[in-house]
Amino acid sequence: MDNVIDFINVHRDRYLEELKALLAIPSISALPEHAPDVRRCAEWCADEMRRVGLQNVRLVETPGNPVVYGDWLGAPGAPTMLFYGHYDVQPVDPVELWDSPPFEATVRDGELYARGAADDKGQVFMHLKAIEAFMKQNGRLPVNVKMILEGEEEVGSNNLDDFVRGHRQELKADVVVISDSPMFDRGVPSICYGLRGLAYFQIDLRGTKTDLHSGSFGGAVANPAYVLATMIAQMKDKGGRIRIPGFYDDVRELSDAERAEFRKLPFNETRYRKELGAPKLFGERGYTTLERVWGRPTLEVNGLLSGFTGDGAKTVIPAVAMAKISMRLVPDQHPDKIAQQFEAYVRRIAPKSVELTFTRMHGGKPWMTSFDNPFVRAAGRAIAKGFGKEPVFTREGGSIPVVSTFQEELGIPSVLFGVGLPDENAHAPNEKIDLGNFHNGIVASAIFYQELAGVAVHA
Ligand code: BES
Ligand code: ZN
């Protein structure tokens with residue numbers, strides 16, 4: 001093992017240069033004009049998998065972006081880990097708020113800034129380098145590895161469930177390993193045992209066939225911007241509780257024991273608030289901030305568009321108004337059921353004076369696992385060695401839709417060991433990864449594979 005860690009320490013600077021090349025590819029899955037870049041990125045990942053010594057590397061086509069697959073199965077009797085990550089990234093807008101170009105990775109104060117640095121290219125690359133170190137030093141890995149990298153995670157993983165169902169046999173493994181989440185805090189490594197699900201919608205309202213003079217017609221017709229605002233106002237009450245009938249029916253309440261565990265975590269609410277630049281925190285009444293973000297569902301307006309928004313004033317009644325609205329879900333809520341309930345509610349509260357178009361976008365199921373299994377314990381030991389500190393156990397508010405699919409379709413647990421940070425600016429300008437965490441993450445990944453080798457599994 002020491003020779004592998006030595007190799008990782010010696011090659012630290014090279015890793016940074018290689019990661020910069022991966023981060024230079026603008027693989028933005030949400031924007032059709034970047035489709036060639038997304039494919040180029042898939043090919044780059046496939047080439048890299050071959051370079052580090054994985055075998056059977058190929059792009060598996062889906063109706064959307066390809067899945068990159070590679071494996072190394074030369075450790076008979078040892079466990080098989082299925083590594084999952086994504087090579088697509090979020091759009092970069094508003095690009096003028098970046099301090100350095102999003103696709104020219106730049107180091108400042110020990111952090112590497114680029115779109116995808118943390119979410120998820122940097123964290124995927126960490127594992128590729130851990131694999132490389134074993135292959136170069138020992139010519140083999142301590143465990144069997146199957147690796148899949150998808151190109152549609154940031155747009156809802158629409159084709160991945162079918163991919164998993166269609167390749168059940170090839171994907172057979174003992175444990176899924178994912179690094180696509182932040183750790184609890186700087187210097188506080190963590191293992192995440194729960195993610196929220198998601199249900200995403202667009203609401204379009206049309207009042208008239210065209211924009212109207214607000215003097216000539218104000219008073220005669222409904223204003224879709226105003227109607228939309230009143231509809232949104234009916235979605236939550238003042239205490240932050242969602243008013244969609246039946247919405248809370250399947251919510252698994254936080255247990256007293258879990259709430260007590262959350263309270264033990266080193267969470268500084270004042271610092272949290274200040275770092276967000278929020279005058280005051282706000283959330284569902286009766287819950288702490290961590291409980292709200294990790295263990296309670298929410299409804300958020302992700303975007304609003306209507307009327308005149310340029311400089312100056314324009315007297316107009318807009319013809320249309322649009323809102324993007326999504327809900328984060330917790331166990332045991334189901335995105336399909338929530339979609340039905342939400343659509344019924346929106347149709348009920350929409351007045352007859354506007355024409356409503358309701359569109360369901362992507363979604364994903366929530367996930368939660370027990371962390372009392374030998375794989376999680378192996379990860380805990382590896383993190384303790386790699387970061388010099390025992391990990392804490394956390395849940396997260398974000399979503400990785402495929403995690404519950406792995407549980408349901410392959411019947412195997414996932415270990416989420418992410419090395420991002422809460423201030424990594426994922427999905428925002430100036431996304432970054434801490435280079436110390438990146439390096440320790442490579443070491444911890446390598447130790448994790450070694451620790452996994454000792455976990456007894458049925459062949
Ligand atoms: N890396 C995130 C998921 C994440 C975020 C996990 C924060 C833990 C904490 C992932 O890339 C992501 O952004 N997922 C999307 C999924 C959605 C499009 C279905 C999300 O959560 O918005
Ligand atoms: Zn993301």
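Treat the numbers as computed from the prediction; the structure is a model and nothing was measured. Numbering of ligands and ligand atoms starts at 1, following listing order.
Residue contact annotation: His427 places an N/O/S atom under 2.8 Å from the Zn ion (ligand 2). In summary, Asp119 places an N/O/S atom under 2.8 Å from the Zn ion (ligand 2), meeting the contact criterion.
Residue contacts with ligand 1 for Ala426 are absent, since no atom lies close enough (heavy atoms, distance under 4.0 Å). Under 4.0 angstrom from ligand 1, the non-hydrogen atoms of Pro182 all belong to its side chain.
Taking atom 7 (C) of ligand 1 as the reference point, the nearest protein heavy-atom neighbour is Gly398 CA, 3.8 Å. For atom 16 (C) of ligand 1, the closest heavy atom belonging to the protein is Ser399 O, 3.4 Å. Given atom 10 (C) of ligand 1, the protein heavy atom at minimum distance is Glu153 OE2, 3.1 Å.
The residue from His427, Glu154, Arg328 that puts a heavy atom closest to atom 22 (O) of ligand 1 is Arg328.
Taking every heavy atom of Ile400 and a limit of under 4.0 angstrom, the matching atoms of ligand 1 come to 3 (C). Every atom of ligand 1 is numbered from 1 in the order shown, and the set under 4.0 Å from a heavy atom of Leu198 is 17 (C), 19 (C). For ligand 1, the atoms lying closer than 4.0 Å to a non-hydrogen atom of Pro401 are 19 (C). The contact set between ligand 1 and His86, taken as ligand atoms under 4.0 Å from a residue heavy atom, comprises 11 (O). Residue contact check: Glu396 has heavy atoms under 4.0 Å from atoms 8 (C), 9 (C) of ligand 1.
Rounding to the nearest 0.5 Å gives a distance of 10.5 Å between CG of Asp162 and NE2 of His167.
Atom OE2 is the N/O/S atom of Glu154 found closest to the Zn ion (ligand 2).
Ring-plane geometry between Trp294 and Phe262 is classed as perpendicular, the angle between the planes exceeding 60 degrees on a 0 to 90 degree scale with a lower cut at 30.
At least one N/O-N/O distance between Asp180 and ligand 1 falls below 3.5 Å. When only interatomic distances are considered, the shortest N/O to N/O separation between Ser181 and ligand 1 does not fall below 3.5 Å.
Using modelled atom types, one finds a donor on one side chain and an acceptor on the other under 3.5 Å when comparing Glu154 with His427. For the residue pair His334/Asp250, the side-chain donor-acceptor check at 3.5 Å is not satisfied. A donor-acceptor contact closer than 3.5 angstrom links the side chains of Thr405 and Asp161. Counting only N and O atoms by type, the side chains of Asp13 and Tyr15 include no donor and acceptor under 3.5 Å apart. Side-chain contact check for Tyr113 and Glu431: no donor-acceptor pair (N or O, by modelled atom type) lies under 3.5 Å.
A heavy-atom separation below 4.0 Å is not found between Asp120 and ligand 1.
With Trp98 as the aromatic partner, Arg108 does not meet the cation-pi criteria of under 6.0 angstrom to the ring centre and within 45 degrees of the ring axis. Within the cation-pi definition used here (under 6.0 Å to the ring centroid, within 45° of the axis), Arg381 does not qualify as a partner of Phe448.
Annotation: Phe417 is in aromatic contact with His127 [ring centroid separation under 6.0 Å].
When each of Tyr200, Phe358, Phe247 is tested with Phe342 by the rule ring-ring contact (aromatic ring centres under 6.0 Å, His included), just one qualifies, namely Phe358.
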